[in-house]
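From a predicted model like this one, the values you see are computed outputs, not experimental measurements. Order of listing sets the numbers, starting from 1, for every ligand and every atom in it. All heavy atoms count here, side chains included; hydrogens, waters and symmetry mates do not.
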Amino acid sequence: MANSPRPLVAGNWKMNGVNASLDEIYKLADKLKGGAYDCNVMICPPATIIRAAKKAADGSRIEIGAQDCHTQQSGAHTGDLSAAILKDAGASAVIVGHSERRADHGETDELVKQKAAAAHSQGLVAIICVGETLEQRKAGETLEVISGQVAGSMPEGCNAQNTVIAYEPVWAIGSGLTPTVEEVAEVHTHIRKDITSALGDAIGGEIALLYGGSVKPTNAEELMAAANVNGALVGGASLKADDFFGIIQAYE
Ligand code: PEP
């Protein structure tokens, strides 16, 4: 399987995870021991357990990320968390523009861009999410929607060290439905074209493009083999070490 860009399998725990859930990180670290998996591995737990998750992952290859950040680094924003705070807690990356945040909090491409810039300014990798709704797919608007989100959500200065893009069709998230491998390849190849024309081959060709939406151990291998797919962003199936490990095994 292609190893450039370097693949990433990232777990998004969403609003799931308490101290007891750290056992899954210990279990996963144990399972990964000694295996040759050609990908990076990350878990993005709720912010309250980032520091403990980082400690649980200590000595393993598991990196810890966060699920959202504010556009500012500090100040009067009750309840929000900045990239600086997340970094201080132990995160090395942060998801921005997840469709649940776009839907639940009305996040726009412009806001997502500012959040990604805030992440970059703290040395965090921004995992920028894009994806079409079912209505948009049915109307044949997928590629146009994705192009708009990619262009609108990427700040200046994106490169393979500070940016990952996750294509997550909204209708595939948590639904058990997935696009066909051909549909995934079509969108990923389209994103690759967009970012190489915007940033040049050397930069745009090296940014990892993750697929997300109902990835499971049973479909990971074929989805990860699609053209221009460089890993996965995994929700439900990242909560249990056994399932998440089953997905990572696509890179064995
Ligand atoms: C996600 O929300 O990022 C996601 C991909 O969820 P799931 O794997 O549960 O579809």
Side-chain angles (χ1 to χ4, degrees), residues 7-17 21 24 28 39-47 50 53 62-69 86 91 93-107 112 115-116 119 124-134 136-137 142 145-146 149-150 153 163-181 183-185 187-188 191 208-224 226 228-251:
L8 167 66
V9 179
N12 172 15
W13 281 10
K14 311 191 186 192
M15 201 167 69
N16 304 290
S21 319
E24 300 301 326
L28 182 65
C39 62
N40 294 331
V41 176
M42 182 183 291
I43 291 179
C44 303
I50 285 177
I62 305 168
E63 297 168 64
I64 302 299
Q67 299 176 15
D68 178 51
C69 69
L86 298 168
V94 58
I95 298 168
V96 291
H98 191 282
S99 63
E100 287 155 12
R101 290 209 62 87
R102 290 179 186 258
D104 295 354
H105 301 274
E107 295 197 359
V112 174
K115 290 183 174 202
L124 298 187
V125 174
I127 302 175
I128 301 173
C129 300
V130 298
E132 83 285 3
T133 62
L134 192 55
Q136 289 166 331
R137 176 159 283 272
T142 299
V145 166
I146 298 301
Q149 289 180 342
V150 167
S153 306
T163 301
V164 169
I165 297 174
Y167 167 56
E168 301 203 301
V170 177
W171 52 274
I173 294 178
S175 64
L177 303 172
T178 54
T180 64
V181 171
E183 286 168 336
V184 171
V187 175
H188 278 241
I191 297 174
L209 305 182
L210 313 188
Y211 169 74
S214 296
V215 179
K216 302 183 272 287
T218 46
N219 62 14
E221 197 161 338
E222 65 165 355
L223 288 167
M224 297 306 98
N228 284 301
V229 172
N230 317 116
L233 182 55
V234 185
S238 69
L239 295 171
K240 292 284 169 209
D242 285 345
D243 294 337
F244 197 43
F245 181 64
I247 292 168
I248 294 164
Q249 282 179 306
Y251 288 100

Report yes if some heavy atom in the side chain of M42 is under 4.5 Å from a heavy atom in the side chain of V125; otherwise report no.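 Heavy-atom side-chain distance check fails, nothing below 4.5 Å.
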Taking everything shown except K240 itself, do over 12 heavy atoms lie less than 6.0 Å from its NZ?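 Atom NZ in K240 is not packed in, count stays at 12 or less.
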Can you tell which part of S175 has a heavy atom less than 4.0 Å from ligand 1: side chain, backbone, both or neither?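 The answer is neither.
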So which bit of I173 gets within less than 4.0 Å of ligand 1, heavy atoms only: side chain, backbone, both or neither?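 Within the 4.0 Å criterion, I173 contacts ligand 1 through backbone and side-chain atoms alike.
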side-chain contact (heavy atoms from CB on, under 4.5 Å) for V229 and L223? Distances and angles first, verdict last. CA-CA 8 Å; V229 172; L223 288 167; 5.8 Å; no
Proximity flag A237 to ligand 1, non-hydrogen atoms under 4.0 Å: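 Heavy atoms of A237 never come under 4.0 Å of ligand 1.
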Quick one: does K216 get a heavy atom under 4.0 Å from ligand 1?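 Contact check K216 vs ligand 1: negative.
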Rounded to the nearest 0.5 Å, how far does CD1 of I248 lie from OG of S238?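 That separation rounds to 9.5 Å.
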Identify the closest protein heavy atom to atom 5 (C) of ligand 1: which residue and atom is it, and at what distance?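 Here the closest protein heavy atom is E168 OE2, 3.0 Å.
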Suppose we measure from atom 2 (O) of ligand 1 to each protein heavy atom; which comes out shortest, and what is that distance?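 Checked against all protein heavy atoms, atom 2 (O) of ligand 1 sits closest to K14 NZ, 2.5 Å.
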Would a distance-only check, ignoring hydrogens and angles, find a side-chain to backbone donor-acceptor pair under 3.5 Å from [X] to [Y]?
X	Y	result
Q67	C44	yes
Q136	T133	yes
N12	G235	no
R102	C129	yes

Polar contacts were defined as any N/O atom of the residue lying under 3.5 Å from an N/O atom of the ligand; does this apply to G236 and ligand 1?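 Looking only at distances, the answer is yes, because the N/O contact criterion of under 3.5 Å is met.
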Side chain or backbone, does H98 bring an N or O within less than 3.5 Å of an N or O on ligand 1?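 Yes, there is a polar N/O contact under 3.5 Å.
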Can you sort out which atoms of ligand 1 are near [X], meaning under 4.0 Å from one of its heavy atoms?
X	value
A172	10 (O)
N12	2 (O), 3 (O)
G213	5 (C), 10 (O)
S214	7 (P), 8 (O), 10 (O)

Identity of the nearest option to atom 10 (O) of ligand 1, non-hydrogen atoms only, from C44, G235, S99, G174: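 It is G174 whose heavy atom sits nearest to atom 10 (O) of ligand 1.
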Taking the six-membered ring for Trp, are H188 and Y167 parallel (under 30°), tilted (30 to 60°) or perpendicular (over 60°)?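 Geometry flag for Y167 against H188: perpendicular rings.
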